[in-house]
Amino acid sequence: MSAASGYLSLVLHAHLPYVRHPEYAEFYEERWLFEAISETYLPLLALFTRLADEGVRYRLTLSLSPTLVAMLQDPLLQQRYRVHVDKLLDLCAAQIRTNHGQAQVLASFYQDFLRRNQALFDAYHGDIVPGFVRLADAGYLELITCAATHAYLPLWQQHPTMVRAQIEIARAQHVALTGATPRGLWLPECAYYPGLEKPLKAAGISYFMVDSHALRNASEAPRRDTYAPLRCPNGVAVFARDQTCSQQVWSAVNGYPGDVDYRDFYRDIGFDLPLEVIGPYLLDGHTRVHTGLKYHAVSGKTGDKHWYDPARANAKAVLHAQDFYRRCLVRVRTQRLDRPPLLCAPYDAELFGHWWFEGPQWLEHLIRFSQTAHDNGLELLTPSDYLARHGEDLQIAVPSAGSWGEAGYHQVWLNPANDWLYPPLFSAAKQLQALATRALHQPSQRALVAQAARELLLAQASDWAFILKSGQGDTYARARVESQLQRFQALAAQSEHYPPAALAALNAQTPIFPELDYRLFAALAD
Amino acid sequence: MEVSTFSDIPYGRLMRNTEVVLLDIDPEHIHVFWHLKPDITACILRLHDLAWMDMSGANPHAAFDWRITVPSASAYLRIPGGGRSVRVELGLRLPYRRLDILARSEAVRLPVLRGAASDAPVLLEGALAPLFTFPAAAPAPSLSVAPSSWGLTVPDRHLCV
């Protein structure tokens, strides 16, 4: 039996910011989670389970962000998801009744799709996280974590207690979920600064990922380019995102998702149908939103779209998976290294299914092609697998600062559209440290400090700065940061006499990280 | 669909003392924000280039000054070359270019920029009046394009809402 020609490490990062509004019967931004459950998380869980049941051996890394885990395990949001799906099934039924031809066929297609999702969701009693944990226990997935609320860590490096807390809280949640410390940690936005490896090491993390330029601009030029990880001087390994693998999937121009046969994300009956038809299925009866029922293929750059043909799209996903596999194989076979070259391919999980509807099918075919690895093919493995085989003699160097955002550094998360966030956030961080340090000797203050910490952590999510920069949904992003900070300030200002009932109400509204340790925010001993 | 409305937070009140914070953006750009005590209406923002010097800022290699007045509270600066270590101070001007220091930022090391030429810092955004540069041979700071014109979009995070 021949060995594999090279390795492919697929890493999916699943994350959404924490959005939960029990104070409203329905809330628009909660749909972000519901859409991702339907289009990404359930299809991926179904795919991974099906492959395992068929005896397909695969290895894939899945990062589940702590905020996403908290929402997926939240009974209120689970219940609201059920209502959301029921409403969509009603819409499908109405569409089947009133349409004919391809529109009717597609309405039936979505009805089947949603029913399969519903059945899987019910099989897990609404909490699908244990489904992924089970696949990890069975050796198919490697689960890793992320920063607690997806803070953009380089911008917090002058507040080491906050960086440490983001990492430690994530680690604690992962331990509670899986019984073990995560081997890897997904840096939010792949954003790194020299020195970040220290709190990672302290938390027991063995590896993280950066973008390729952060590795190539390391303190020493990487001898194996991005085809092998580096090791920081403190022992934590660093894997680099492979640019070509990213471009083939992400590129708006040349990427697979833009193929004419794939489903068009933007044409949705929520926008296409008259209000008198679609209105009953909208939150307020008149504000148009994506329903997830999309009848058209990408087709081309004009508004004249063809009907979506799922079978044709699936056939294209096979071809694209084949193309990706072959291109990767050619690349690793043309490298001359002292070990099989590694291609590390990290993606946002929500690309697969939500944005690129056929993404899970592409992934499935890619995994199936990798079964030929024993015949000089490409072997799927996780970063931990790689370190177990080749971790003894990695080159030692410190990566450069960087992120996977536009231009490669921190511009997306620090620019005139969002720089107003940082003065109040940093000020609150200092206040929190003082409160937590004082609470070491004031037991009565500890619950309040923990809640204040939750409020500040939620305000730190990189998503808010990103949305403010993009300008889409920025009203909500701004409101979220301001409301979390206002709550923080109210807690801090009245820390001695904050009404217990009001504190309990705040906690009930944001029941994330129930075991949060306020001591993490106290002044660092070192 | 409903989004609560929130009143503006009085950020200035959160920062009781004069403070200055420096954040690196990329190999050549930094963002500086500050808060002045109410009794101070104008002062000097001094950027120290700490290249090859110890990080205490006690013996800076070069310094560049801008006059700041209320209500300005932040600025973007371009520091050509990449890989430089910088720190900023706020202070009141004294004779012989000395400063009565009010606040000092952390020292920040910018990422290395491969193959870049060296140049003098440039103020990109902020209502600051350039005073002078040091060393004198360097080109004078000038207003340049604001970071908002960099055309920043983020293709990588597809789940933008």
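In what follows, every heavy atom counts, from backbone to side chain, and hydrogens, waters and symmetry copies are set aside. Throughout, protein chains are lettered first and strands after them, A, B, ... in sequence-line order, and every chain is numbered starting at 1.
The ring of A:F352 has its center closer than 6.0 angstrom to the ring center of A:Y347.
Heavy-atom distances place both the backbone and the side chain of A:Y422 under 4.5 Å from chain B. Using a 4.5 Å cut-off between heavy atoms, B:L22 contacts chain A through its backbone alone, with no side-chain atom that close. Only the side chain of A:Q157 comes within less than 4.5 Å of a heavy atom of chain B; its backbone N, CA, C and O stay farther away.
When only modelled atom types and interatomic distance are considered, A:E189 and A:S462 share a side-chain donor-acceptor pair under 3.5 Å.
A salt bridge links A:E455 with A:R487: the distance from a Lys NZ or Arg NE/NH1/NH2 to an Asp or Glu carboxylate oxygen falls below 4.0 Å. Note on B:E19 versus B:R104: no salt bridge recorded, every NZ/NE/NH1/NH2 to OD/OE distance being 4.0 Å or above.
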